[in-house]
Amino acid sequence: MTDLLIHGGTVVTSTAQMEVDLAVDGGKIVWIGSNYAGDRPERVIDARGLLVLPGLIDPHVHFQLPFFGTVTRHDFFSGTVAAAFGGVTTVVDFAFQERGGTAMDAIQARRAEADGHACIDYSLHAVFTDVNHETPLQLEELVEAGIATWKVFMAYRREGVMVDDGGLFALLEAGIRLPCVGIVHAENAAIIELLVDRFLAAGKTDTRYHALSRPPLAEAEATGRAVRQAGAANCPLYVFHVSSADALAEIRTARNRGWPIYGETCPHYLCLDASLYDRPDGYNWCMSPPLRAQADRDALWRALADGALSVVSTDDAAFDAESKKRGEESFTRVPNGIPGVETRLSILYSEGVAKGRINVQRLVALTSTNPARLAGLYPQKGNIAVGADADLVLFNPSRQTTLSLENSHMLAGWHPYEGTRVMGVPVMTIAGGEVIVEAGEFKGKEGAGRFIRRRIDPEIKRGPVL
Ligand SMILES: [Zn+2]
């Protein structure tokens, strides 16, 4: 018997859209077509009126991340449950190298926190915080073990995770011979520190100074520096959470030069405005880079449509209301980050597709296919094809809902989009051939998610191919 037949839906990939049926068996898609005549399916899923998309990939989440003296509320179970409700079937989190330890030690420690808990497949990016003469060898070991992406922070020097230009360039050089992709958090630490100190000395501790101390200049300067180094080393570089038109311009220039540079943004940079920082509870939206202005959002939407940006991730960092409240004392005390792992699909569909800014195939590219390719999960994931993992989301494009804490599965105790009406709701999530969310209920299992070894397609190196 075949496990599932998904019948009557509109299947959408990054390049095509058609009304076809899918058969699923043993966790894989085994047949695509019409008039199924194979083994009797154990279950037929009626997908009439629904879009059938490849399960979303979130290549940027921070579950149980200790930072700013607190820890994010999503662990690998609750975080992946919230993800599943949002149609996400794979997440990539991070393993932070400890000072004096190796990147591989960090991966092992992090796997101990995730294995047996994640309910969808997951993997980890290696975060280097201490680059030295052993780093090139460590990178080789990581790539061999299926950790095909590494990250450095160009900011957060005072928090002890920043890597300087020498470290970044050493990693980019080490990456020349390896099938790997580098990732940066691009903000200029020195400019930010100067501005933070100046504001604090003047007694300016309100939330709005969070944004003013991290101006587009700080982001654009670091982005320009990183993409030039990556271009010189010819190492693919993935720039996380691009928030400003100025940083985006650096990415466009680099891509026009033929360099293998890929940019990402997040729903909050597309939909939320810096004026939130003037609210009494504005500290809730402190993240880095900060929220920007309308002109920046317009530029980001254009880039999603014309291809200058390749990915929309969430940067989920579910700091709770209590730790966010420290922002009442000073903007420097607030943990940076907001929850988002559940809401990306509805927000992007509503604000992007329903408003005519991007089409639904582009939505699939940005949230599933491109992150799968950049992270080395493709073609096993990020696609609907015979032989691919049966990771799917069924999406009702005409149902509306209101985003709120009450109907959310994210655990921060506050909701960044409270009261926002959205058009389009994920109604069923299938991961590895199992229905894990259905009719608003979680049906998956803690620990069912596997650690996925990843391999980068060498084509990623040959210029901006996504
Ligand atoms: Zn992040």
Side-chain angles (χ1 to χ4, degrees), residues 56-68 70-76 79-80 82-83 86 88 90-97 106 110 113-114 122-129 147 149-157 159-163 168 181-189 192 210 214 218-219 222-223 226 237-244 247 262-270 272 284-292 300 309-319 323-324 334-344 366-367 371 374-375 410 412 416:
L56 271 60
I57 314 279
D58 199 335
H60 189 170
V61 298
H62 300 283
F63 296 156
Q64 60 192 89
L65 169 73
F67 210 30
F68 292 88
T70 178
V71 59
T72 55
R73 284 295 155 235
H74 290 153
D75 59 23
F76 277 89
T80 53
V88 178
T90 307
V91 293
V92 191
D93 203 299
F94 301 84
F96 282 66
Q97 178 192 20
R110 198 69 169 143
E113 295 176 339
Y122 83 98
S123 193
L124 299 167
H125 304 290
V127 180
F128 281 95
T129 57
I147 309 293
T149 44
W150 53 267
K151 178 185 181 187
V152 300
F153 286 90
M154 300 172 78
Y156 292 127
R157 173 160 44 194
E159 289 77 8
V161 296
M162 188 187 104
V163 165
L168 172 58
V181 169
I183 300 172
V184 283
H185 173 126
E187 286 185 298
N188 180 310
I192 292 166
H210 169 72
R214 310 184 88 98
E219 185 191 4
T223 303
L237 186 74
Y238 174 10
V239 181
F240 265 1
H241 46 46
V242 176
S243 69
S244 65
Y262 304 95
E264 161 199 280
T265 192
C266 309
H268 39 276
Y269 299 121
L270 295 165
L272 302 177
N284 280 335
W285 288 272
C286 281
M287 81 277 291
S288 297
L291 299 174
R292 306 292 191 191
L300 294 174
L309 288 175
S310 308
V311 172
V312 178
S313 77
T314 70
D315 198 3
D316 181 85
F319 291 109
S323 44
K324 282 289 189 182
V334 195
N336 288 189
I338 64 169
V341 72
E342 185 179 5
T343 45
R344 179 175 45 150
L366 291 164
T367 57
L374 260 184
M410 300 191 294

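As the structure lists them, so they are numbered: ligands from 1, and atoms in each ligand from 1. Just so it is clear, the values below take in all heavy atoms, side chains as well, and ignore hydrogens, waters and symmetry mates.
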Checking K151 against F94: charged group under 6.0 Å from the ring centre and within 45 degrees of the axis? yes
With A114 via side-chain contact (heavy atoms from CB on, under 4.5 Å) - residues at least two apart: F76, Y122
Residues in side-chain contact (heavy atoms from CB on, under 4.5 Å) contact with N336, at least two apart in sequence or another chain: F68, Y156, H210, R214, C286, S288
For the Zn ion (ligand 1), state how many protein N, O or S atoms fall inside a distance shorter than 2.8 Å. 3
So, S243 versus R292: side-chain donor-acceptor pair below 3.5 Å or not? yes
Does R344 reach the main-chain N or O of V312 with its side chain, forming a donor-acceptor pair under 3.5 Å? yes
Checking R73 now: which residues fulfil salt bridge (Lys or Arg N to Asp or Glu O under 4.0 Å) with it, not counting sequence neighbours? D320
